[in-house]
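First the structure, then my questions, so here it is.
Per chain, numbering begins at 1; letters A, B, ... match sequence-line order.
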Amino acid sequence: MPELPEVETTVRGLRNKIIGRKIKGVWTDWPKYFKNSSKEEFKDCVIGEKIEGIERKGKNILFILSKEKILLVHMKMTGHFLVGKWEERKGVDKVYNKKWEDEKWIPESRTGKMMDPKNRFIRLIFYLNNNQMLALSDMRRFAKVICGAKEEILNSRDLDLGVDPLSKDFSFEVFKNILSNRRKRIKTLLMDQKIISGIGNIYSDEVLWRAKIHPLTPSNEIKEDKVRVLHQEIINILRRAVKLGGTSTDDFRDPNGIKGRYGRELDVYQKDGEKCKRCGGEITRIKIGGRSARFCPKCQKK
DNA sequence: ACAATATCCTGCGAGC
DNA sequence: TGCTCGCAGGATATTG
């Protein structure tokens, strides 16, 4: 489930590999990715353009293209990018070895021959010059892929996002104001991209556990000392997770196909039934707005 | 202003 | 063995 650390890991990995490359072709078996355009319109937008930069905005990836265009990708839940040269990556290579113009050709990786089964679900491929390819593996087909003029994309609702928790703007004062001006449940607030951008289910559970805050607490009822701890833990945990290449409890892989290593440092996420490392209480799962929240009822009181 | 629910999808594991 | 069912959750739309 790509959240800020996973998206940041992806962006950093991609920067090293495909900046300066030119998009020569596109293959997909799921044109629904291109929300507001047809496959042909999408191809017209990206083919021939050079990738001049790669940036992260919240959980979105922005490929800055030549001719003042931007390719925006949101990996949603199961998406991850893989980059390879055909010599290095079986399965994907075969596609390149075949004729990539052939839309009907099915990547061999989808037959499960690749080493890592989680890299199996390749639905979209960008063919670059230099014999490289950028592939999107996305089991559940939730990803969003949009190409458009720079101004149009930057001003679109997709990028109407709150403060980035790893930016300088995320000061204690700013955070305190965000919490005190609403009475939304803290767990929901942390995951609201229009308020703070980048935190999802995994890291919201983790930061609340560290700060000993019950996930259902209205944000304006949290005492200042806990707000301070929460603010610091958001920064600490996200930085640490970025450093370790994110969390791969399931699908996520970096552009080399490598798993993130933050999973071994998780304290509550997916630990239902286990003992709390801090107080020995039982980690419990509740539903908040249809989403699972894990916490320790003994040391995370309202 | 806030909360809940359905929707989009598919693999996986549990239970029968 | 093979079926059904619930679960996973990022974001948005809709309804309360």
Q) Hey, are D267(A) and K277(A) close enough for a salt bridge, meaning a charged N less than 4.0 Å from a carboxylate O? A) yes

Q. How far, in whole Å, is dC9(B) from dC3(C) if one measures between their P atoms?
A. 24 Å

(Q) Classify G200(A) by what it touches in the nucleic acid, base, sugar-phosphate, or nothing, heavy-atom distance under 4.0 Å. (A) sugar-phosphate

Q.
Please report the distance, rounded to the nearest Å, between CZ in R294(A) and C1' in dC7(C).
A. 10 Å

Q.
Looking at dT10(B), I'd like to know if its phosphate oxygens (OP1 or OP2) sit under 4.0 Å from a side-chain N or O belonging to R141(A).
A. yes

**Q.** Backbone N/O of Q193(A) and side chain of S197(A): donor-acceptor pair under 3.5 Å
**A.** no

Q. Quick one: is dA1(B) close enough that its OP1 or OP2 comes under 4.0 Å of any side-chain N or O from R182(A)?
A. no

Q: Could you check whether K35(A) gets within reach of a base, just the sugar-phosphate, or nothing at all, counting any heavy atom under 4.0 Å?
A: nothing

Q: Would you kindly give the CG-to-C1' distance between L161(A) and dG10(C), to the nearest whole Å?
A: 13 Å

Q. Can you tell me how far C1' of dG13(B) sits from CG of D250(A), to the nearest Å?
A. 12 Å

Q) Under the salt bridge (Lys or Arg N to Asp or Glu O under 4.0 Å) criterion, do R228(A) and E224(A) qualify, and how do the steps go? A) CA-CA 6 Å; R228(A) 189 157 251 124; E224(A) 180 158 333; 3.6 Å; yes

Q.
From CE of M75(A) over to P of dG10(C), roughly how many Å is that when rounded to an integer?
A. 12 Å

Q. Roughly, in whole Å, what's the span from CG in D192(A) to P in dG10(C)?
A. 13 Å

Q | Under 3.5 Å: donor-acceptor pair, side chain of N129(A), backbone of K22(A) | A | yes

Q. How would you label the contact of T188(A) with the nucleic acid (heavy atoms, under 4.0 Å): base, sugar-phosphate, or nothing?
A. nothing

Q | Spacing of E221(A) atom CD relative to dA1(B) atom C1', expressed in whole Å | A | 15 Å

Q: Tell me what Y269(A) touches on the nucleic acid: a base, only sugar-phosphate, or nothing, going by heavy atoms under 4.0 Å.
A: sugar-phosphate

Q: Indicate the ring-plane relationship of F170(A) and H231(A), choosing parallel, tilted or perpendicular according to the 30° and 60° boundaries.
A: tilted

Q.
Whether R291(A) contacts dA6(B) is assessed here as follows: a side-chain N or O lying under 4.0 Å from the phosphate OP1 or OP2. Is that the case?
A. no

Q: Taking only the side-chain heavy atoms of R183(A) (C-beta and beyond), determine which of dC2(B), dT12(C), dA11(C) contains the nearest atom.
A: dC2(B)

Q | Residue whose closest nucleotide on DNA chain B lies nearer the 5' end, G290(A) versus N181(A) | A | N181(A)

Q.
If you assign each of K184(A) and F142(A) to its closest nucleotide in DNA chain B, which residue comes earlier from the 5' end?
A. K184(A)

Q) Expressed in angstrom and rounded to an integer, what is the separation of R185(A) atom CZ from dA3(B) atom C1'? A) 7 Å

Q | Any K144(A) side-chain N or O less than 4.0 Å from OP1/OP2 of dA11(C) | A | no

(Q) Roughly how many Å apart are dA11(C) and dG11(B), using the P atom of each and rounding to a whole number? (A) 22 Å

(Q) So, OP1 or OP2 of dG10(C): does either fall under 4.0 Å of a side-chain N or O from H74(A)? (A) no

Q | Nucleotide of dC8(B), dT10(B), dA3(B) approaching K32(A) most closely (side-chain heavy atoms) | A | dC8(B)

Q: Choose from dA11(C), dA13(C), dA4(B) the nucleotide whose nearest atom is closest to any side-chain atom of R157(A).
A: dA13(C)

Q: Give a yes or no on whether the backbone of C279(A) and the side-chain of K298(A) come within a donor-acceptor separation of less than 3.5 Å.
A: yes

Q) Is any side-chain nitrogen or oxygen of Q193(A) closer than 4.0 Å to OP1 or OP2 of dG10(C)? A) no

Q: Nearest whole angstrom, please: distance from the P of dC2(B) to the CE of M191(A).
A: 15 Å

